[in-house]
Amino acid sequence: MTEVDLDHHRSGDAVTAELRADVVAGLTAARKWLPPKWFYDADGSELFEKITQLPEYYPTRSEREVLAAHAADVAKLTDAHTLVELGSGSSEKTRLLLDALTAHGTLEAFVPLDVSESALAEAAEAISKDYPGLAVRGVVGDFTQHLGLIPGGRPRVVAFLGGTIGNFLPAERAVFLRSVREVLDEGEWLLLGTDLVKDPRILERAYDDAAGVTAEFDKNVLRVINARLGANFDVDEFDHVSYWDAENEWIEMRLRARRELTVEIPGADLTVSFAEGEHIRTEISAKFRPRGVEAELAAAGFALAHWWTDSQQRFGVSLAKSVRG
């Protein structure tokens, strides 16, 4: 397979230190939590790809439908020389954009960024092979920290797909969107995927599938802590729980202790006690309304140019231009 360049901005020691800090902060809080980015080692990335193929998990199919219908519009509107994808994973849907931009004749470079080096390398190598002449440069990094280090010629379109923006709390979303705007020149573009508010039954099934794949994905954060920090979590002592928070309009994923537990985490110099039934919040996945998306983009320095949804109006994709702040 074709070799591609990877820029590394997350050394093993730095990742471990970052995980240690998150574990200490989250597992000593009054209501325990862990950031969702720690799902994604090689096994976690593979599990998530399986989730995207499940019958209950509509977001990937819905977003793909939108991109299939409007990728050519994105190409014509942006004239992008560089496509940047944040949290790229397998970059499967991104091929719709790559095809459209290539056909449009402007695309010169593809820059995928992901925390998982294994998933990134595999996807970047496959795209380099399938799109000869396209400069592919993967960035192993965290999109909350390393946006300013993204290479690529102007004009750029930054794609942040999959509804991942929903994993941020509202205040964090504002900071993140503003950080994207700050690395873009005036007139460059953001393509944003947002899952929409809908029947809670559809949402709850999407995050708690019958086959149990999401449960294994949720528990993978404990396996990552075991592997990196020498912890002794028994993942079978935790149940996956998801529920719809109607007030905040987000899905929460949690891990619930089946009984009283004490867990040793030597790499964080930490002993953590769990009461029976105690939860660790591992992810929120906010769902959006169109006017709210437009308002958040505007507050960050973007002007909404186009809003598209799938045929069932389950998922929204917005194309926004960076404007003078």
Identify whether Ile284 and Val197 are in the same connected component of the hydrophobic contact network (ILVMFWY, side-chain heavy atoms under 4.5 Å). no

So, Glu85 and Thr94: side-chain donor and acceptor under 3.5 Å apart, yes or no? yes

Please report the closest heavy-atom contact between Thr214 and Leu54, naming both atoms and the distance. OG1-CD1, 4.4 Å

Is it true that Asp239 and Arg258 make a salt bridge, defined as a side-chain N closer than 4.0 Å to a carboxylate O? yes

Look at the aromatic rings of Tyr40 and Phe217 and report parallel, tilted or perpendicular, splitting at 30° and 60°. perpendicular

Min side-chain heavy-atom separation Arg31-Arg281 under 4.5 Å: no

Carboxylate-amine/guanidinium proximity below 4.0 Å for Glu188 and Lys321: no

Looking at Arg324 and Glu186, does any basic side-chain N land under 4.0 Å from a carboxylate oxygen? yes

Please answer whether the main-chain N or O of His81 pairs with a side-chain N or O of Thr106 as donor and acceptor at a distance below 3.5 Å. no

Would you mind checking if Arg256 and Glu278 are paired as a salt bridge, meaning a charged N to carboxylate O distance below 4.0 Å? no

Donor-acceptor pair between Asp79 and His104 side chains, under 3.5 angstrom: yes

Does the ring center of Phe238 lie less than 6.0 Å from the ring center of Phe274? yes

Determine yes or no for a side-chain-to-main-chain donor-acceptor pair under 3.5 angstrom, with Arg61 supplying the side chain and Tyr57 the backbone. yes

Hey, are Thr16 and Arg228 close enough side-chain-wise for a donor-acceptor pair under 3.5 Å? yes

Interatomic spacing from CD in Glu182 to CG in Leu177 - rounded to 0.5 Å: 11.0 Å

Could you check whether any side-chain heavy atom of Thr309 comes within less than 4.5 Å of a side-chain heavy atom of Val317, counting everything from C-beta outward? no

Under-4.0 Å salt bridge between Asp130 and Arg95: yes

Looking just at side-chain N and O atoms, do Thr282 and Asp218 make a donor-acceptor pair shorter than 3.5 Å? yes

For the residue pair Arg173 and Phe168, would you count it as a cation-pi contact if the rule is NZ or CZ under 6.0 angstrom from the ring centre and within 45 degrees of the ring axis? no

Do other residues, nucleotides or ligands put more than 12 heavy atoms under 6.0 Å from Arg289 CZ? no

Check the side chains of Asn220 and Asp41 for a donor-acceptor pair under 3.5 angstrom, ignoring hydrogens and angles. yes

Whether the Glu65 and Ser311 side chains hold a donor-acceptor pair (N or O, under 3.5 Å, no angle test) is what I'd like checked. yes

Test item: Ile202 and Tyr58 side chains (from C-beta on) under 4.5 Å apart, heavy atoms: yes

Answer whether the closest heavy-atom distance between the side chains of Leu255 and Leu222 falls below 4.5 Å. yes

Looking at Lys198 and Asp195, does any basic side-chain N land under 4.0 Å from a carboxylate oxygen? yes

Side-chain heavy atoms of Phe302 within contact of Trp189, under 4.5 Å: no

Out of curiosity, Leu190 CG to Leu184 CG, how far, rounded to the nearest 0.5 Å? 7.5 Å

Is there a side-chain contact between Phe110 and Ile127 (heavy atoms, below 4.5 Å)? yes

Any donor-acceptor N or O pair under 3.5 Å, side chains Ser285, Tyr207: yes

